Structure formats: structure tokens, C-alpha cells
Amino acid sequence: MTPIPDSAQKQATAQGSVIYYRDGRTVLARQGVDRKKVELAQVPKHVRDAVIAAENRSFYEDAGVSAKGTARAVWSTLTGQQLQGGSTITQQLVRNYYSGLSQERSFTRKFKEILIAMKVDQSKPKDWVLEQYLNTIYFGRGANGVQSAAQAYFGKDVSELSVAEGAYLASVIQQPSRFADPKGSDLVAARARWKSVIDAMGQTGALTPQQAAAERYPDLRTPKKPFELKGQAQYMLEQVTAELNRRGYSDEDINSGGLKIVSTFDKKLMQAAKRAVTDTLPDATPKKVRTGLAAVDPGTGEVVAFYGGRPSQSAYYDSAFSAKVMAGSTFKPYTLAAALDNGFDLSTRVDGNSPLQVASASKPIPNDSGRSYGQINLISATQNSVNTAFVDLGQKVGLDKVAKVAEAAGIPASQLDRHKSAASFPLGVASVSAVQNASGFATFANEGVHMEAHVVRSVTDAEGRVEAVEPASTRVVGEQAAADTTYAMQQVVKYGTGAAARLYDRPVAGKTGTTDKSKSVWFNGFTPQLAVAVNMFRDDNATVTIPGYGTQFGGQLPAQIWRAFMTEAMEGKPVEEFPEPSDLGYDYEYSAPTEDGVPEQEATPPVSPDDGGTPEPEITAPPLTDDPSATGESDDERQERRQDEPSDLPALLPEQPSSRQDDAPADRGARGDDRTGRAPAD
């Protein structure tokens, strides 16, 4: 009437998973129970002998229960005393391994345990019982099972344990909390317990008297502190877990399946991303200003690094993956690529005059300060970020084709659909994350092929089976269209609004982006090996203004952060060239710089919601909760930059480019009488 339970307790067999950085060796995080199951053959005989000598010397001869122990337990219960122990290894296994047995001390539970132990002994080999016991029992220091205990106490595999070390693990089973890190009287007791185990091994014949006398108390490893996630690791774990869930792994699989998960994150590049942000932003950066950075390998789609902000401000909601803000002019390359892939070329002329009347828009769309560029080619339109030119180009190529390219490049349709009928769609009214934008630009670096952005490289299960992640590959545009789009973006960095992002040892292509009133500012750029997006925005949707630096534009601090990261990330990497553009690129005459040394830039005019624009730039991020700001630059660097800022311009006008190419601001905010518009600013 007391059957053997047909299932084990989940906690008894659970094996925690370990998440690694991309090298497959450096631990990023641990999830779930600290247990690593091993076969009995992997446990040295002297370790097994020590456990048997300490816990149940008659293990291989008894029927799964101890007559003396059982009698003692029954007597203590009948006399009203606390129920005593006296359990055999089989009884301990039954209590801790099988489901349906509570841990409460009662005669009924004890009697049930005895009956099941006897039946297990009759139906299971002794070695099976011992193997399950050694993998189930708790050893202290958070270690479940003998393999984890060997690592926790001695920093080695169980197969490498000495006689003295094995005897110590056997001794802690009795009082794991007391003997986990013994000091004072606990150390005296631990030494005595260890000596009793050694003596017991001599009495059972596992050791000769001479061997027992020669053993010495082992040195214990200093206990490790509980595994704590710090800084960006919280965000990394959140993204890895979310992707595993999407790929069919449940939380139970992750917490108890004993998985070895290799992420795509490069530890050194993660540190470089943090330094680029915190070393570039000044100390006075307001707490509500948020900065995101994402770096994607174009050839694989792996997110190798990111910076998501301070987890203390917004736990598990980062500025790289989760927060989505208006793309601004960083969206224009998707429009350009769509055109180049649909019969247009770099010499195609578009209307750069201001204002531009579009049938679907209720108001004419002007350029910054009403400046007209005339009929200009697509290189000039990109270099100078001319808004009317891209609105005209979007009308010519078809907004549906622009949306198709953007979606194929990794921006979800759900973020595009509500905007793709608006005349201002090519100007970046849709909101994207830094990872999505970096992944999109990686398409151009990868010759028009988009590799699905992902954060998991491989998963190895408890049985050693490896599942390598194979990201989806999508041909977005042809190779020549990608090459020509890249060529146009190279001019942005060489001669246009992105000059502050130049890497002087290798070619760079990129695009600045500044939304209306600088509510989000971007710099996206890439080399053939790496695509990186940097955004800045405020969690309250206000203008991004930095004391000492003024209102921000994509070509200012975002571009400087980008350059700081890429300078470190590309160090020691071979210099690779971009594919050759079509012959039309070579005949292009670059627009002359303005008097202050930088080509003029465009601001996107206000767009009415009636035109399909967005009433407010979407910033899907919760408010911050604390106020320590990022660490800043040196006083000398800060003073140098302040000297470069203009001081004699009208207060109502956005900042103008400085005389230094390196500090060229990006796309300017909207100007004019109507300052209530919500379209991107360049």
C-alpha cells in the first residue's frame, strides 16, 4: 500500500545553468541550483568510502534501513522526545530524492520513509542508490551534490580529490552550515569530525592504520561570495534569458536543466562600451539623460557589446535593447538603399528646394532656415542630410519599398506600420532601439545581407548535446546598392555632419540623426567588421541638453562616444576597405564647407499628425529612479570643448558648427515660427 513514488523532486535533480561570455570560459552568470551531476565511476573510491564510513558503514550489507536507528526513532517518538535520526544512506535518499514525502518530523512520515527505503533497496542496485545520493545531498556553501562541493571547498573536479579532502566532504554532510567555513569552536568541531571519518575509514578497511595515521587535515578554499550580477550583467542575463525563451527554452530548463549557455557578449568590448559612455559624458550630465550603445558583428548578427545605462536607475530595462526612440535621420539610409535597389543611382537628382509640397501632407515641408539646395544628387542629399530631398526620394521610390527594406534590415513591422504612409516616413519618425539600428546598419556593412541580431551563440544540455544558434539570413538589397549606400555614408563622416566620428586609421561610414527639438540624438556608423549605434535621449521626452555643451545633436556627444568605443574596439584589427561604389561615385563634387568649416545641415520641419507624423516622439522607457550621473571627462578636456562652443549666436537658434571639424554638431533642430512640430530634426 506504500508504492515507490514514480517521480523525483525537481529540486533534488535540478542542475543550475551557467551563462558564459562569447569565449565559452568566462562566467557571466549562474542560474538556478548549484549542482552538476556525475556518474559514480567519476567519484574516486576513497571519496565513496569516506561517505559510507561517515554515514552508513553497513550500506552494502543492510536492507536499506538500520534496525538500531529505526528502533531508536520509534522509541523517541513513543516517549514524546524529538524524533531522532539514525537514517541510512538509502533512507536519506528516499527523503530527499522522491516526491510525495514531506520533510516534517512525524512518525507517519518516518514509517513511510522506512517502507519505501526497503522497497528501493529491493528494486535498485546499491551503486544506483549511492550515485543518486552523492548527486542529491547538500554539502553547504550552496553546493548540491559532490561535484559542486568539490569545486566549492577545494576548487577542483571531484575526480581530483585527495583522501583527506574526500573525508572532509563526508564530514560536512552531518552539519553543512556549521562546517561550511568553520572558525573558533566550529573549527575544533570540524577537525574532530574529520578525524572521526578518517578513523572510521580505518575501521572499515578503506585505509590501513598507517594510511589513516598519515592523513592531514586539508586546506579549505576561501568561500566564494554569492554570485552577484553587477552593472551590465543584469541586462545581459535578461537578454539571454529572453532569447532562450523565444528559442523554446523554458525558465525551468534554464534554472534546473544544467545548460551551458555561451552568449555573444565580448567581455572586453562590454567594458570598452561602458568606458566610452562614462568617460565621454561630463559629470554634470542630468540624471534623466539616458545613453545607449550597441555593437553588432555584420557577418554573424551577434550583439558583441552594448551599454544600457545604470541598472540602479531602471533594473531590467536598458537603453540599448528595450528603449525605443525616434530614429531621426539615421533612417535615411534605408530610404537611400531602397532607391538604389529599385533602379535609382547615386547620380539621381531629387528636389532639395524648400519648401516642398507633397500631396499627402497638409503643409509644405521646409528645409532648415528655408534653404534650398536645388536639384541635387543622392550623395549630396545624404552628406548634407537634406530633408526635402529624402521626402522627394521617398515619394519617387515608394514608401512601401522603404518600409520593406527597413523591415528586412531588422526593424519590426509593428514599429513601422503606423508611420509608413506619412510623407515624413523617410525622415525617421518611427522609433527604434540602438540594437535594432546597429543591426540595420550592419546590413550595409555585410554587402546587403542582414543577419538576425542575437545574443546566444550556443546551448549545451546536461547530456553534452550542443545546439549552435543559426541566425536567419535575409538578402535586403543587392551588393551594389549596399556598396553605394555605404559610399554615400562615408561622405557623411569625411565631409558632412558625422566628422566627429572619424577613425583616422580606417574607413568609416555613418549617419547622424537629431529629432525635433533634440528629443533623441543618434550616431550610427560602421566599419566592415563592426556596426555600432549610439543614442541619447531623456526619459521625460524633453530636449537633450548637457551643461557646458548645450543642446545636443547627433554629430556631437553621440559621435564622440561612437569614436571612443570604436577606437578601442578596432585597435589591432586589420584595416578593411569597403566595396567599390559604382563609377558614378567618383565623379561626385563634394559640397563646399560653410565659412565655419563644416557643410550646413538640415533640420526636419514640424509635421502635422494629419500627415501621418507622430504627435510625440515615442520613448518607450520607464523613468529613472536615482541620480548619480555618469563619470565625466577631465577638467582640461571639458575646458577645451567649452572653448570650442559658439557664444555669440542668437539664443533662439540651435547651436551652429564650431570651427573644428572634430566637433561638428550633427543635424540641427527645427526652426521657424511653428515650433510645436514633432518630426525629426534633420
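All values derive from a computational prediction rather than experimental measurement.
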Quiz item: Regarding Thr285 and Asp283, is there a side-chain donor-to-acceptor distance under 3.5 Å anywhere?
Solution: no
Exercise. Please name the pair of heavy atoms, one in Phe441 and one in Ala531, separated by the smallest distance, quoted to 0.1 Å.
Key: C-CB, 4.3 Å
Practice problem: Please say which of Ile52, Val163, Leu161, Leu134 ends up in a side-chain contact (heavy atoms from CB on, under 4.5 Å) with Val47. | Solution: Leu161
Quiz item: Taking everything shown except Asp23 itself, do over 12 heavy atoms lie less than 6.0 Å from its CG?
Solution: yes
Quiz item: Would you say the side chains of Arg57 and Gln203 form a donor-acceptor pair under 3.5 Å?
Solution: yes
Practice problem: Please report the closest heavy-atom contact between Ala167 and Met201, naming both atoms and the distance. | Solution: CB-SD, 4.4 Å
Quiz item: Out of curiosity, Gln147 CD to Phe139 CZ, how far, rounded to the nearest 0.5 Å?
Solution: 11.0 Å
Practice problem: Salt-bridge test for Lys573 and Asp505: reply yes if a basic N is under 4.0 Å from a carboxylate O, no otherwise. | Solution: no
Quiz item: Could you walk me through whether Ile254 and Val240 pass the side-chain contact (heavy atoms from CB on, under 4.5 Å) check?
Solution: CA-CA 10 Å; Ile254 299 169; Val240 167; over 6 Å; no
Quiz item: Where do Phe321 and Val303 land on the side-chain contact (heavy atoms from CB on, under 4.5 Å) test, with the steps shown first?
Solution: CA-CA 10 Å; Phe321 289 88; Val303 182; 3.9 Å; yes
Self-check item: Atom of Tyr21, atom of Asp266 and distance for their closest heavy-atom approach
Solution: CD2-C, 4.2 Å
Quiz item: Is the closest basic N to carboxylate O distance between Glu165 and Lys156 below 4.0 Å?
Solution: yes
Quiz item: So, are Arg465 and Asp461 salt-bridged, with charged N and O less than 4.0 Å apart?
Solution: yes
Quiz item: For the residue pair Gly299 and Asn446, what are the closest heavy atoms and their distance?
Solution: CA-OD1, 3.9 Å
Quiz item: More than 12 foreign heavy atoms under 6.0 Å from NZ of Lys45: is that the case here?
Solution: no
Quiz prompt | Lys195: partners by side chain to side chain donor-acceptor pair (under 3.5 Å), with sequence neighbours left out | solution = Asp199
Practice problem: Check the pair Gln31 / Leu237 against side-chain contact (heavy atoms from CB on, under 4.5 Å), numbers first and verdict last. | Solution: CA-CA 9 Å; Gln31 284 290 93; Leu237 176 60; 3.6 Å; yes
Quiz item: Any idea which heavy atoms bring Gln529 and Arg506 closest together, and the distance?
Solution: NE2-NH1, 4.0 Å
Quiz prompt | Approximate separation, where rounding is to 0.5 Å, of Phe265 CZ and Thr26 OG1 | solution = 14.5 Å
